[in-house]
Asks: 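One structure is given below, represented as structure tokens, and several questions about it will come after.
Only heavy atoms go into these numbers, but all of them, side chains included; no hydrogens, no water, no symmetry mates.
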Amino acid sequence: MSAILSQADEIFTKPVRIGQLKELIRERLTNPQPIKQPKTESIASILERESETTIRNWLVAVEQDEELTCVPLSPTERTGHLPKLVRDLVVRLQLDSGFPAGPVSMAAREHGQLRLQQGYTPAMVVEESRILQVSIFSTLQRNLAGVNFSRLLLDVGDDRG
């Protein structure tokens, strides 16, 4: 909603009074205002800039999950792999959408192997990944006004692995 509001000159609620609309049009034609273009970023740029915050928020959520915390890990052991995973995601989002995604993410593969060694079950890896997805979506939600919507579907819509 904030993204829509930041790009709107005026918002009317129904029923719209014709007189009010005519007055606004007259005013805008008499006193035109330069269009303020909000600074926009790609999804990849937002995730790269906000990676530390995303990881901190992810850790808070993981530490509240009883199943995941039954494997005793320090915060560094729990988050050490995430910068590499997020960086891999950013790189994949920056790929030209005309090119195939390439091989499976080595960062994701290494993460899975590490979690197996640390005692995670497959269900725990899935839950941890779900929490990461929620953390990423929350980061994007907080930065919604800056999302370049003209590229949004191109950034996330193709098959990048």
Side-chain angles (χ1 to χ4, degrees), residues 1-11 13 34-161:
M1 186 59 133
S2 64
I4 293 169
L5 292 176
S6 72
Q7 296 178 22
D9 289 330
E10 195 73 36
I11 296 180
T13 56
I35 297 173
K36 294 181 268 179
Q37 294 292 337
K39 182 180 178 276
T40 61
E41 293 180 86
S42 68
I43 298 295
S45 296
I46 292 169
L47 292 177
E48 186 172 41
R49 178 175 45 80
E50 295 287 329
S51 65
E52 289 181 23
T53 302
T54 302
I55 291 168
R56 277 194 306 272
N57 293 339
W58 172 87
L59 181 60
V60 168
V62 165
E63 288 178 338
Q64 295 173 3
D65 187 297
E66 290 179 18
E67 182 182 7
L68 296 177
T69 55
C70 75
V71 174
L73 298 173
S74 71
T76 302
E77 290 171 316
R78 212 171 281 287
T79 62
H81 65 287
L82 281 179
K84 191 172 180 181
L85 273 175
V86 172
R87 181 71 193 135
D88 184 72
L89 174 60
V90 166
V91 167
R92 286 170 175 269
L93 287 170
Q94 291 171 335
L95 289 175
D96 184 337
S97 60
F99 291 103
V104 171
S105 166
M106 289 306 295
R109 179 177 287 163
E110 291 168 8
H111 165 68
Q113 291 169 343
L114 174 66
R115 285 302 191 238
L116 181 63
Q117 293 169 359
Q118 291 171 326
Y120 270 49
T121 65
M124 292 167 76
V125 173
V126 168
E127 179 59 16
E128 188 181 73
S129 297
R130 186 196 66 76
I131 293 171
L132 180 58
Q133 181 180 12
V134 169
S135 298
I136 289 170
F137 288 161
S138 295
T139 295
L140 296 175
Q141 178 70 34
R142 283 191 312 278
N143 289 274
L144 196 57
V147 171
N148 182 348
F149 284 98
S150 67
R151 294 252 341 140
L152 180 64
L153 294 178
L154 294 172
D155 283 349
V156 299
D158 60 351
D159 179 22
R160 296 195 179 168

Asks: For Thr79 and Leu82, indicate whether the former's side chain and the latter's backbone hold a donor-acceptor pair under 3.5 Å.
Replies: no

Asks: Which heavy atom of Val90 sits nearest to which heavy atom of Glu48, and what is that distance?
Replies: CG2-N, 3.8 Å

Asks: As an exercise, state the distance from CG of Leu59 to OG1 of Thr76, rounded to the nearest 0.5 Å.
Replies: 9.5 Å

Asks: A side-chain contact here means heavy atoms from C-beta on lying under 4.5 Å apart; do Thr139 and Thr53 qualify?
Replies: no

Asks: How would you list all residue pairs meeting salt bridge (Lys or Arg N to Asp or Glu O under 4.0 Å) that involve residues 105-129, not counting sequence neighbours?
Replies: Lys84-Glu110, Arg115-Glu128, Glu127-Arg130

Asks: To the nearest 0.5 Å, what is the distance between OG on Ser129 and CE on Met124?
Replies: 12.0 Å

Asks: Within a strict 4.5 Å, meaning less than it, do heavy atoms of the Pro83 and Ile55 side chains meet?
Replies: yes

Asks: If you look at every heavy atom in Asp88 and Ser105, which pair is closest and at what distance?
Replies: OD2-OG, 2.7 Å

Asks: Any idea how Trp58 and His81 line up, ring-wise: parallel (<30°), tilted (30 to 60°), or perpendicular (>60°)?
Replies: perpendicular

Asks: Taking the side chain as every heavy atom from C-beta outward, state whether Val126 and Pro122 have any atom pair closer than 4.5 Å.
Replies: no

Asks: When you compare the side chain of Thr54 with that of Val86, does any pair of heavy atoms fall below 4.5 Å?
Replies: no

Asks: Please report the interatomic distance OG(Ser45) to CD(Glu50), rounded to the nearest 0.5 Å.
Replies: 11.5 Å

Asks: I want to check something: taking the side chain as every heavy atom from C-beta on, are Tyr120 and Leu73 in contact at a cut-off of under 4.5 Å?
Replies: yes

Asks: Any idea which heavy atoms bring Ala44 and Gln94 closest together, and the distance?
Replies: CB-CG, 3.6 Å

Asks: Which pairs would a plain distance check flag for residues 60-68, meaning a side-chain donor or acceptor within less than 3.5 Å of a matching protein atom at least two apart in sequence or in another chain?
Replies:
| residue | atom | partner | partner atom | Å |
| --- | --- | --- | --- | --- |
| Asp65 | OD1 | Glu67 | N | 3.0 |
| Asp65 | OD1 | Leu68 | N | 3.0 |

Asks: Which distance, rounded to the nearest 0.5 Å, do you find between the CD of Gln113 and the CE of Met106?
Replies: 7.0 Å

